[in-house]
Amino acid sequence: MGKVYYVTKHVGLGLLVLAVTALVTIIALSIAYDKERAKNRDALGDGAAGGTSVPTPFTTPSGPKEPWDRYRLPVSLAPVSYNVTLWPRLKPGADGMYFFTGKSAVVVRCVKETDLLIIHSNKLNLTSFNGHHAVLTGLGHATAPAIQKSWLVVNTEFLVLQLRSGLSVGASYVLYTEFKGELADDLEGFYRSEYTEDGVKKVVATSQMQATYARKTFPCFDEPAMKAVFNVTIIHDPDTVALSNGMETGTADSVIDGVSVRVTTFEPTERMSTYLLAFIVSDFVHIKSTQNKNLLIRIWARRKAIDSRQGEYALNVTGPILRFYEQYFNTTYPLSKSDQIALPDFNAGAMENWGLITYRETALLFDPVMSSTGNKERIATVVSHELAHMWFGNLVTLQWWNDLWLNEGFASYVEYLGADYAEPTWSVKDEIILADVQKVFAVDALASSHPLTRGEEEVNTPAQISEMFNTISYSKGAAVIRMLSEFLTEPVFAKGLSSYLNTFAFGNTVYTDLWDHLQQAVENTPGMHIPHSVHDIMNRWTLQMGFPVVTIDTRTGSITQKHFLLDPDSVLDRPSQFNYTWFVPIKWMKTGVKQQQYWLLQETDSNSLMRVSGEDWVLANTNVAGYFRVNYDLDNWDRLLSLLNTNHQALSIINRAQIIDDAFNLARAKIINTTLALTTTKYLSKERDYIPWESALRNLDYYILMFDRTEVYGALQLYLKKQIQPLFEHFKTITANWTNVPTGHTDQIHPNLKSTVYCRAIAFGGVEEWDFAWRMFKNATLASEASRLRSAMACTKAPWLLNRYLEYTLDPTKIRKQDATSTIHYIARNIVGMPLAWNFVRARWSYLFKQYGGRSFSFSGLISGITKRLSTEFELQELMKFKEDNIHVGFGSATLALEQAIEKTTANIKWVAENKAHVLKWFNDESQ
Ligand SMILES: *[C@@H]1O[C@H](CO)[C@@H](O)[C@H](O)[C@H]1NC(C)=O
Ligand SMILES: *[C@@H]1O[C@H](CO)[C@@H](O)[C@H](O)[C@H]1NC(C)=O
Ligand SMILES: *[C@@H]1O[C@H](CO)[C@@H](O)[C@H](O)[C@H]1NC(C)=O
Ligand SMILES: *[C@@H]1O[C@H](CO)[C@@H](O)[C@H](O)[C@H]1NC(C)=O
Ligand SMILES: *[C@@H]1O[C@H](CO)[C@@H](O)[C@H](O)[C@H]1NC(C)=O
Ligand SMILES: *[C@@H]1O[C@H](CO)[C@@H](O)[C@H](O)[C@H]1NC(C)=O
Ligand SMILES: [Zn+2]
C-alpha cells in the first residue's frame, strides 16, 4: 500500500518561521524549503484493519479450538477461479441505506479431505437457499455432498458449511452465493465516497481490500496465498462507468428488476490475491496514453479535475516509470492496461490494486498553477511506489502478512529509482535519507521497537495484520534493502531480483526465497565476494530489532559496534539470538579518498588503515549506504567539524546531513556531549543545500518542543536567525532582491509559498481570517490546496478557534474521515493547540477509538503526535493515567505507539533536566 500523510506542516519551515519573523524572509526561505517534500509520505498507508474490533490477544493456534475459531483458513481447499457480479446502488434504498447486491460462484479444488467448507465472509447478508447460506455443486464428474448445516462466525469472519460427507481430494466444486452488503462511507471493502460538483452531490462506489476487506465485498478465500482468477461483472447506472482490475470487454444495456442498467464485463484477471482486487463505479472521466507498446495507460478523476488537466503529470510519468521497471526487473508488465484513479475519500495514500491503482487526490493530481514542487515530487514518488508493486507484491506475492516488510520496504526503496528515472534532475534518491532512514532511526532506537520479521504464527487477527503497516516495515525495510543493494552492487541485486520474479511469477514466496536468488546471483558473478551468505548477513538486520552505532577510534584504528538505544537507561526485555551484534558493511573514505569497503563482523575489531593523525580524517558510512550510526574519537570529530567549516562540499550532501543527525542522536543517548552536537550546526551559515538544513532543523525541532515553553527559546531563536541570515542574503541575491518572487504570477501567491503564507495569515489573524480559510477549504477544487488550508487553519493562536476546529474533526460533513486524525495532529503541533488536542483526545478516546481504532497508521500517528512535547513528571503521570483510564476501551493499533510515548516522555524528562542549563548557555554564547 502507499503511504498516508499527516505531517503536512513542514517542521523545518515552522522553525524558520519562528526564528525569523519578517514576512519577506519567510517568503524567501520558503522558496528553498517549502517543498512539502517526500516527508509527506510519512505515515504509510493502511486503510486496513479489523474495523472497530478490539485486537484479540492471540493464544496458541494448536489449542482445542474448532477450525472456524482460528483466524487462518484451513489448507484443505484451494480456490481456482471466481465469477463475481456486483451491483452497487448509488442512491439510498427505501430505508435510507446505500447498499450493493452481488453473486459469486467460486470453483474450489479439494486438496485434503474435509467435510467442512470454510470461506471468509464479513458483514454480508447472504441469501438463503433451502435454509442454507450457499449452494454447493460438483464440477465435472464430482458430486457435491449435501449441506448439513451452515452458519456465520462473526469473530473470525467466516461462513462455514458442515457437509454430510467428505469432499474428494482432486475433485472440484462450485460454491454459489448471493448477498447484500451496505455501501457505507467507511473506507473499507466496497464503500461509498461522496463529493460535490457544481452544487450537485455525486456518489462513487469504490473499494479498498487490503488487508482483509475483500471478504466484506463477497465471500472469498481472503488470504494472499489463495490466488485465483476473477471473472468480474459490474452492474451500474447507464450514465456511469465501471472499472476493475482487468480491461472491460463489453457493455450491454439491460433492464433488471424494472431498472435500466448497464452491465460491464471484464477480461479474466491473472492469477492474483484477493487483497489486490478493485471495483469502481463513478461518473469520472479519463485521459490516456498509448506510448508504451501494447499497453493502455489511463488516469481517471472527477470531470473538473481532468478538464483542468490535473491528471496530466501523473500520465506523463507513468509510461517512463513502467518502462524503467520492465528493464530493471527484466520482466514485462504483465497486464494489458494500467489504470490509476484519484478518489475524494481514501484512507491510505494509495493502493496498488493490480491494474487499477487507487490514490488520494493529493497523491495523483497536479495543477501546474496551484500545486507546489513538493506536491509534484510526492506524485512522482507515490506513483513510482505503486507501480513497483505491480511486480513486487502483485506478480510475486508474499505468503503471509508477517513478511509485509519485504513487500513495502522493497517498494519504498525502489520508488526512488523509478522517480529518479522519470525526473533525473531532482536528485530524488537522496531524499530517502530524510524520508526513511533518519525517520526510522528515531523509532528503531527505542527499546520498544521490534524486529522487521515476525513469525507467521504471531500475525493472525485483522488488527495484528493492520499493525504490520508501520514505519518499521516501510522505512527500515527500505533502508536495509538499500544497504543490501549497496553491498551487493546494483547489477547483482537486479540480477537476483529478476531471477526471483521470473521464478515465482503468479505465485507466493517467503522472504528467504529472495535471499536465495540474491545468493545465486552473487555466486554467478565472477569476482564477487561477501563475507557470509546473504541469508546470514540479512538475518542480523531482520530478526533482531534496532541497529548499531559503530565507533571508530582513529588514534588506534579500533572499531566497535554497540546496539544504539536513544535512552541508555531503558530496559531491554527482548533478547536477541545474535546478542545485538550485526555484520556491518562499512563504506568509508580517508581525507577525501574512497577506501575499500570494510566489514565489521564482530563486536570489536581493528583496522590499521583507519588509524590517522595530523590533518587526515576518516568518514565512515559514505552516502549513508548502511543502516547504522557512526561515532569517532574527539580528534576525528574536530577534524570533521573543521572540514565542514572550511570546505563542507568535500563531503556529500547526505553525509553532511548524516553527521548532524548522528551527532544529535549520539548526544541524546549520552554518547557524546550535547555541545558537540550543537557545534555541527555552526557550519550551516555556509550551507545552501536543502537536505542538511532539513536534517538540522528536524533535530533542533526536538529542542523547540522541549524548550518552547521556557527561556531557552529566546536564545535559540537568536542563534538560528544568525545562522539563517546568509541563506536569506543568498536567496535575496538570486531572486534579484525578491523581484523574481513570485515569477510570472504577480497577483497571486506562488504555490511553493502558500503553506507558509496561509499559516502565518491564520496565526496573525482572527476569526474572520479563519472563517475565510474555512470557506476556501470547503470550495477548493484541488485536493492539495484543500490540504494546505486544512493544515494552515491549525496555526491560529486563538484557543476557541482551535477547540472549534477539534470539534469539526468529529463531523464527517466538515472534515472527511480520512483527514480527521491528521487534523488533530496538526493542531497538536501548535504550541497553543497541544494541550487542547491532548485534552480533546483524552475526553473523546472511546469515540475516536470506535471510529478509527482499527486503521493502524493514522491512528498510531495520533498518539505520537499529541504526546511529542510531553516532558514533565506531571505530564508523564497524565499519560499513565490516560493509559489506565482507557484500558477497558483499548488502544488498538495505537498500543505500541502509546508504549513508545511513555518511553519517550520518560527520556524527555531526564534529558531536559540534564541539558537545559548548558543548552541555554551554548545558545547564549553562540548567538552573540
Ligand atoms: C473464468 O473465466 C475463465 C476464462 O474464461 C474460465 O476458465 C473460468 O472457468 C471462469 N471461472 C468461473 C468460475 O467460471
Ligand atoms: C461464469 O460465467 C460464465 C459466463 O457467464 C459462465 O459461462 C460460467 O458457467 C460461469 N461459471 C460458473 C461456475 O458459474
Ligand atoms: C442485513 O441484515 C440485518 C438484519 O436483518 C439488517 O439489520 C441489515 O440492515 C442488513 N444489511 C443490509 C445491507 O441490508
Ligand atoms: C506532460 O508532457 C507534455 C509533453 O511532453 C508537456 O507538454 C506537459 O507540460 C507535461 N505536463 C506536465 C504537467 O508536466
Ligand atoms: C532477463 O531474462 C532473460 C529470460 O527471461 C534471461 O535470459 C536474461 O539473462 C535476464 N537478464 C538479466 C540481466 O537478468
Ligand atoms: C551470544 O552470547 C552468548 C553468551 O555470551 C554466546 O553463547 C552466543 O554464542 C552468542 N551468540 C552470537 C550469535 O554471537
Ligand atoms: Zn506499498
Side-chain angles (χ1 to χ4, degrees), residues 79-89 92-109 121-128 133-140 142 144 152 154 172-186 189-192 205 216-218 228-235 246 249-250 252 254 263-269 287-289 291 297 299 301 305-306 308-321 364-373 375-380 383 419 422-423 425-426 751 782 784:
V80 178
S81 76
Y82 296 72
N83 276 359
V84 190
T85 302
L86 294 171
W87 183 6
R89 309 303 202 282
D95 57 357
M97 187 197 283
Y98 285 86
F99 67 99
F100 63 93
T101 54
K103 53 190 184 183
S104 165
V106 50
V107 174
V108 294
R109 205 162 40 83
S121 179
N122 185 24
K123 298 188 181 166
L124 295 172
N125 287 353
L126 296 165
T127 303
S128 168
H133 294 86
V135 179
L136 186 68
T137 51
L139 201 65
L152 294 161
V154 173
S172 293
Y173 303 86
V174 180
L175 180 76
Y176 179 78
T177 50
E178 286 183 12
F179 46 88
K180 181 177 177 193
E182 187 181 354
L183 194 68
D185 59 348
D186 57 358
F190 205 21
Y191 71 92
R192 178 175 98 246
K216 189 168 162 282
T217 307
F218 64 103
V229 170
F230 296 85
N231 307 320
V232 175
T233 304
I234 297 181
I235 301 171
T249 48
S254 160
V263 178
T264 300
T265 49
F266 299 86
E267 63 181 344
T269 65
I287 49 172
K288 66 180 179 193
S289 149
Q291 273 177 15
I297 299 174
I299 305 290
I306 292 294
S308 55
R309 302 170 63 178
Q310 294 177 19
E312 207 177 80
Y313 180 67
L315 188 66
N316 279 5
V317 294
T318 299
I321 293 174
L364 193 69
L365 302 181
F366 174 80
D367 182 309
V369 176
M370 303 275 281
S371 301
S372 67
T373 46
N375 298 145
K376 195 171 186 177
E377 186 178 300
R378 171 166 155 81
I379 292 162
V383 166
E423 295 288 0
T425 60
W426 286 1
L782 178 69
S784 55

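The model shown is predicted, which means the values in this text are computed figures rather than measured ones. All ligand and atom numbering here is 1-based and tracks the order in the structure.
A donor-acceptor pair under 3.5 Å is formed between the side chain of Thr249 and the backbone N or O of Thr265. In this structure, Ser104 contributes its side chain and Phe218 its backbone to no donor-acceptor pair below 3.5 Å. Within the 3.5 Å criterion, the main-chain N or O of Phe190 finds a donor-acceptor partner in the side chain of Thr217.
No side-chain heavy atom of Glu178 sits less than 4.5 Å from a side-chain heavy atom of Val135.
In terms of the side chain to side chain donor-acceptor pair (under 3.5 Å) criterion, residue partners of Asn83 (sequence neighbours excluded) are, by chain and number, Asn231. Taking the side chain to side chain donor-acceptor pair (under 3.5 Å) definition, one finds that Thr137 meets it with nothing, sequence neighbours left out. For Thr318, the side chain to side chain donor-acceptor pair (under 3.5 Å) criterion is met by Gln340, not counting sequence neighbours.
Residue Lys376 has no nitrogen or oxygen atom sitting less than 3.5 Å from a nitrogen or oxygen atom of ligand 4, judged on distance alone.
For ligand 4, the atoms lying closer than 4.0 Å to a non-hydrogen atom of Tyr313 are 13 (C), 14 (O). The Gly181 neighbourhood of ligand 3 comprises atoms 13 (C), with distances under 4.0 Å to a heavy atom of that residue. Close approach to Asn316 involves these atoms of ligand 4, each under 4.0 Å from a residue heavy atom: 1 (C), 2 (O), 3 (C), 8 (C), 10 (C), 11 (N), 12 (C), 14 (O). Applying the 4.0 Å criterion to heavy atoms of Glu182 picks out, from ligand 3, the atoms 13 (C). Per-residue contacts place Met97 under 4.0 angstrom from the following atoms of ligand 3 (heavy atoms of the residue considered): 9 (O), 12 (C), 13 (C).
Salt-bridge check for Lys376 with Asp367: failed, with every basic side-chain N at 4.0 Å or more from each acidic carboxylate O.
The distance from the CD1 atom of Ile379 to the CZ atom of Phe366 is 6.5 Å, given to the nearest 0.5 Å.
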May I have the N/O to N/O pairs between ligand 2 and the protein that fall below 3.5 Å, each with atom names and distance to one decimal?
residue	atom	partner	partner atom	Å
ligand 2	2 (O)	Asn83	ND2	2.3
ligand 2	11 (N)	Asn83	ND2	2.8

